Amino acid sequence: MEYEPVIGLEVHVEINSRSKVFCACLNNFHSPPNSNVCPVCLGMPGVLPVLNVAMVDASMAVGLALNCTISRWSKMDRKHYFYPDLAKSYQISQYDLPLCHDGYLDIEVDGASKRVGITRAHMEEDTARNTHTIGGGISGVDFNRCGVPLLEIVTEPDIFSADEAFAYLTALKQILEYLNVSDCNMEEGSLRAEPNISVRPKGSTTLGVKTEVKNVASFSGVRKAIEFEIKRQVKALDSGEAVVQETRGWDADRGITVSQRVKESAHDYRYFPDPDLMPVVVDDAWEERIRQSLPELPQARKRRFREDLDLSEYDAGVVGMTKDLADYFDAAVVAGAPAKQAANWITGEILATLAERKSDITACKMKPEALASMIGLIGDGTISGTIAKELLPDLIESGGDPKAIVEERGLVQISDSAELEELAQAIIRDHPGPAQEFRDGNKKAIGFLVGQAMKATKGKGNPKLINQILTDALSQE
Amino acid sequence: MSAELFRLSAHETTARIRSGDTNAREVTESYLAHIESVEPKVDAYLDVWREPARARAEAIDAAIAAGQNPGPLAGVPVAIKDNLCTREGRTTCASKMLENFESPYDATVVEKLDAAGAVLLGKLNLDEFAMGSTNENSAVKVTRNPWDSDRVPGGSSGGAAACLAANEAAFTLGSDTGGSIRLPASFCGCLGMKPTYGRVSRYGLVAFASSLDQIGPFTKDAEDLALILAAIAGKDPRDATSADLPVPDYSSTMRDGVSGSRIGLPKEYFTDALDGEVGKQVDAALQALKGEGAELVEISLPHTEYAIAVYYIICTAEASSNLARFDGVRYGYRHPDAASVEDLYRLSKSEGFGLEVQRRILLGTYVLSSGYYDAYYLKAQKARGLLRRDFDEAFTRCDVIATPTSPTTAYKFGEKMDDPLQMYLGDIFTTSANLAGIPGLSMPCGLASNGMPVGLQLLGKPFDEAALIRTAYAYEKSGAPTLGPAPLG
Ligand SMILES: [Zn+2]
């Protein structure tokens with residue numbers, strides 16, 4: 001039988017607010033264990049939570065970016081279970097009335113656009129982290145993470161392939177980065193994606209039994225885990241077995257999912273409204289304030305780059321990949337750089353240089369204005385592109401004004417025709433072969449000769465002029 | 001210097017300290033000596049902080065000598081219920097679970113008492129985790145009623161009521177979830193107030209039922225209520241449920257009198273279930289208030305009969321959640337023989353909590369369970385809304401509601417312990433105020449023929465504690481007979 005998979009995604013995002021969600025402790029992943037703790041996040045007797053408004057702001061921003069409706073009235077609930085990483089033995093979360101609901105995210109898969117429904121995005125607190133690496137049969141709990149603000153974003157079962165899931169996660173992460181609400185670091189756990197997967201006979205409208213996969217540490221891992229689960233479930237159904245509703249863990253080393261069922265079905269979380277917290281009431285003005293504060297989002301920006309600045313699909317995609325990069329590009333254009341040339345430099349030499357240094361645009365010392373100035377120097381013939389390429393690593397490393405550097409280092413282009421004519425004669429004399437090829441009609445041979453001339457001038461020759469002089473010289477003979 | 005300094009009210013004490021008539025150290029010594037003599041018969045304290053109290057009193061005296069103002073409660077000795085967190089000593093909730101627990105922080109009310117210049121004498125007994133009406137559920141010891149040592153002081157703030165009635169502190173703080181201040185105040189013949197929910201910060205009060213709990217004072221007179229409520233009330237940024245409202249100057253509004261004030265008498269509270277002796281004293285108090293110019297009007301609170309059931313569903317639900325954190329992992333009792341995490345939870349809770357606490361955790365877990373939530377918790381919340389509406393309605397016809405605090409005077413030890421349902425019925429007149437979030441106080445209004453105090457309960461509009469204090473003050477000034485000191489005081 002032919003099957004089709006149906007996939008939903010739950011993504012947990014740690015919000016990068018300065019302090020935790022219900023206390024004043026620092027929200028910092030890199031602190032030593034149990035250093036960012038206080039009676040509140042340790043769940044000591046008598047303490048009370050107070051909701052961090054920065055969490056509501058950030059959650060609302062994500063909700064609006066995902067086209068959600070923002071609840072005018074929502075509440076915090078308690079979700080109960082016993083585990084050593086849960087200080088109060090309940091997690092403060094949102095149960096039946098989430099802050100954000102009924103949104104969508106448009107993604108692109110194989111050039112086609114697709115809409116993924118967002119069921120809800122709700123606020124909660126992260127749990128502590130158990131470690132079993134201390135030795136001596138002792139497990140430790142690091143409460144630094146307990147009470148870190150967490151936004152859970154849940155999709156509709158609208159995703160039908162591992163590639164779609166990958167595209168959704170990529171687009172979501174891009175939005176979160178644009179909003180600067182999270183570090184989005186999957187290895188550090190600030191972004192956690194948990195797919196749920198079921199398969200059903202193709203054409204069927206009812207859903208099959210689903211499994212939920214946890215412990216996936218990368219987007220490509222999510223893709224692989226989904227692919228594995230689809231195959232596993234199809235195989236089970238084909239051989240007449242039932243798929244069991246359960247949580248499975250992703251074993252990245254073996255590339256398989258493993259059943260993690262530990263009395264999961266017995267869980268009754270006994271949700272009820274947290275009496276320690278007031279309802280979250282959002283009025284029009286608050287929502288509008290957040291809406292106004294939203295940056296131009298990735299899709300809109302990419303569209304503007306394509307339509308207004310005439311970039312290619314590829315360039316617009318690369319330049320708009322991160323907000324920092326897009327901001328850099330926009331600033332270079334504002335400083336006078338022609339958009340296409342700025343995009344070429346960024347997607348080419350600049351990103352390549354940064355990649356070699358395992359760094360990104362935020363570490364680039366060359367200001368966008370300097371890029372514009374450099375492109376200007378090429379345009380007015382002051383330097384050649386070759387010289388510009390040579391200058392670039394230094395500019396990226398140390399910054400500075402390209403014009404001043406060019407003058408200081410004597411890199412101004414040679415455009416003196418007499419000097420270049422003399423050089424042209426010498427080049428033709430030293431390379432009779434290519435010269436003859438040109439005369440015989442292979443016009444491409446001129447490239448080699450121009451290259452030699454540029455080499456001889458250490459890149460300072462004006463390549464256009466050299467080309468002209470060489471062509472003239474060979475044609476006149 | 002008077003040997004009887006411990007008999008003074010809080011306002012008299014601080015006035016005499018300020019005037020130089022006495023000083024904080026003398027007052028503290030007077031209380032410590034009195035504690036020494038009566039505490040063996042009363043057993044109100046779980047811990048007396050003798051040396052810290054002396055040091056604190058000397059610091060207050062030094063501040064006064066240096067011309068500083070140590071605050072409105074300068075030098076006044078106070079003791080607090082042991083479910084309020086203090087850095088000093090332990091915070092045990094009278095439970096084996098927390099018998100060695102040292103809080104890393106002070107409750108907001110403790111900070112406020114410090115800021116007001118009070119001298120903390122120690123921590124007081126209670127029913128374990130504030131669950132009980134007699135103090136018999138304390139895992140530590142039995143506190144006795146200073147009026148009759150064969151009788152209970154009431155609960156759960158029994159230690160706080162008995163301590164005050166025995167003059168072992170100038171005032172005390174307790175907590176009230178369903179009557180836990182008002183009932184023992186009534187049984188022990190003192191004033192006790194549960195402020196409006198949100199009037200006093202709950203930060204640092206070990207939670208029993210978060211939507212019902214309020215901290216409040218036990219005092220010797222109405223003027224002290226005014227003084228102390230003003231000192232502990234107000235918005236606290238650490239308690240999201242505390243109200244951001246100005247705190248009135250109760251000491252001045254207190255003297256406005258009750259002339260023209262309408263006192264509502266809910267017909268559902270004055271029934272045959274009421275002990276005749278109690279009814280008689282309450283009537284006399286109402287007549288005294290009428291004599292002061294108050295108008296008595298009959299009102300109705302039609303959903304009263306549901307209050308006890310609603311209360312025990314909501315308070316146990318919240319308790320089961322609040323007490324879940326006591327798991328033996330980070331602090332508190334940890335069973336030594338647990339072989340697994342599940343064992344650790346099961347054994348630590350089974351041995352750390354007493355029977356009443358376990359009973360309420362189980363009840364609360366049940367009413368929140370899937371399949372039962374709608375039938376119990378949700379329905380109780382709806383009924384709670386109706387109870388609230390009863391009061392809204394009633395307060396359009398009156399300014400203050402008066403009822404007996406309890407259908408009876410203090411029970412004898414063991415009288416109700418075998419039948420939890422009978423015990424729960426003792427809360428019949430007090431739980432509604434917690435469910436509706438309104439303020440209430442109990443004030444002594446004479447002795448029954450068994451020699452035990454009777455309490456008159458006054459209930460007010462939300463955040464109108466001023467009306468309650470004004471009414472209590474008017475009663476005291478009406479010339480109605482006062483109780484005099486308790487035999488063990
Ligand atoms: Zn904290």
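In this text the structure is predicted, and so the values were computed from the model without any measurement. Keep in mind that the numbers below use all heavy atoms, side chains included, and drop hydrogens, waters and symmetry copies. Numbered from 1 within each chain, the chains take letters A, B, ... in sequence-line order.
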> Of all heavy-atom pairs between B:T241 and A:P275, which one has the smallest distance, and what is that distance?
Replying inline: CG2-O, 3.5 Å
>> With a strict 4.5 Å heavy-atom criterion, list every residue of residues 123-131 of chain A that contacts chain B, or say none.
In response: none
>> So, taking the atom named CZ in A:R78 and the one named CG in B:L368, what distance separates them when rounded to the nearest 0.5 Å?
In response: 10.0 Å
> If every non-hydrogen atom of A:P45 is compared with every non-hydrogen atom of B:F326, which pair is closest and at what distance?
Replying inline: CG-CE2, 3.7 Å
>> Does anything in residues 374-384 of chain B reach chain A? List residues with heavy atoms under 4.5 Å apart, or say none.
In response: B:Y377
>> For B:Y203 versus A:V40, what's the shortest heavy-atom pair and its separation?
In response: OH-CG2, 3.7 Å
>> So which residue, B:N83, B:V206, B:L344, ends up with the most heavy-atom pairs under 4.5 Å with chain A?
In response: B:V206
> Do the side-chain N and O atoms of A:S89 and B:R325 include a donor-acceptor pair separated by under 3.5 angstrom?
Replying inline: no
>> Quick check on B:K112: does its NZ atom have over 12 non-hydrogen neighbours (other residues, nucleotides or ligands) under 6.0 Å away?
In response: yes
>> Let's test your reading of the structure: which of B:L205, B:V367, B:L323, B:D327 forms the most heavy-atom pairs below 4.5 Å with chain A?
In response: B:L205
> Within a strict 4.5 Å, meaning less than it, do heavy atoms of the A:C23 and B:R238 side chains meet?
Replying inline: no
>> Working note: A:D276 + B:E318, criterion side chain to side chain contact (heavy atoms under 4.5 Å, CB included); need CA distance, chi angles, decisive distance, verdict.
In response: CA-CA 10 Å; A:D276 288 334; B:E318 294 182 6; over 6 Å; no
>> Between B:Y197 and chain A, with a heavy-atom cut-off of 4.5 Å, which part of the residue counts as in contact: side chain, backbone, both or neither?
In response: side chain
>> If you count heavy atoms of other groups shown closer than 6.0 angstrom to OH of A:Y81, is the number above 12?
In response: yes
> Highest number of heavy-atom pairs under 4.5 Å with chain A: which of B:S321, B:A240, B:P104, B:A107?
Replying inline: B:S321
>> Given heavy-atom pairs under 4.5 angstrom as the criterion, report whether the side chain, backbone, both or neither of A:P39 touches chain B.
In response: side chain
> At their closest point, which heavy atom of A:D268 faces which heavy atom of B:S369, and how far apart are they?
Replying inline: OD2-CA, 3.4 Å
> Under 4.5 Å between any side-chain heavy atoms of B:I314 and A:F272, yes or no?
Replying inline: no
> Considering only heavy atoms, which portion of B:F101 lies under 4.5 Å from any heavy atom of chain A: side chain, backbone, both, or neither?
Replying inline: side chain
> Between A:Y271 and chain B, which part of the residue has a heavy atom less than 4.5 Å away: side chain, backbone, both or neither?
Replying inline: backbone
>> Would you say that more than 12 heavy atoms from the other residues, nucleotides or ligands in this model lie under 6.0 Å from the OH of A:Y83, or not?
In response: no
>> Could you go through A:V47 and B:Y105, starting from their C-alpha distance and side-chain angles, then the distance that decides it, and tell me whether this counts as side chain to side chain contact (heavy atoms under 4.5 Å, CB included)?
In response: CA-CA 9 Å; A:V47 298; B:Y105 72 100; 3.6 Å; yes
>> Does any backbone or side-chain atom of B:T365 lie under 4.5 Å from a heavy atom of chain A? Answer side chain, backbone, both or neither.
In response: both
> If you tally heavy-atom pairs under 4.5 Å against chain A, which of B:N322, B:L98, B:T91 wins?
Replying inline: B:N322
> Is it the case that A:R270 and B:Y373 place a side-chain donor and acceptor less than 3.5 Å from each other?
Replying inline: no
> What are the two closest heavy atoms between A:V50 and B:P237, and how far apart are they?
Replying inline: CG2-O, 3.3 Å
> Which atoms form the tightest heavy-atom contact between B:A324 and A:F82, and what is the distance?
Replying inline: O-CE2, 3.5 Å
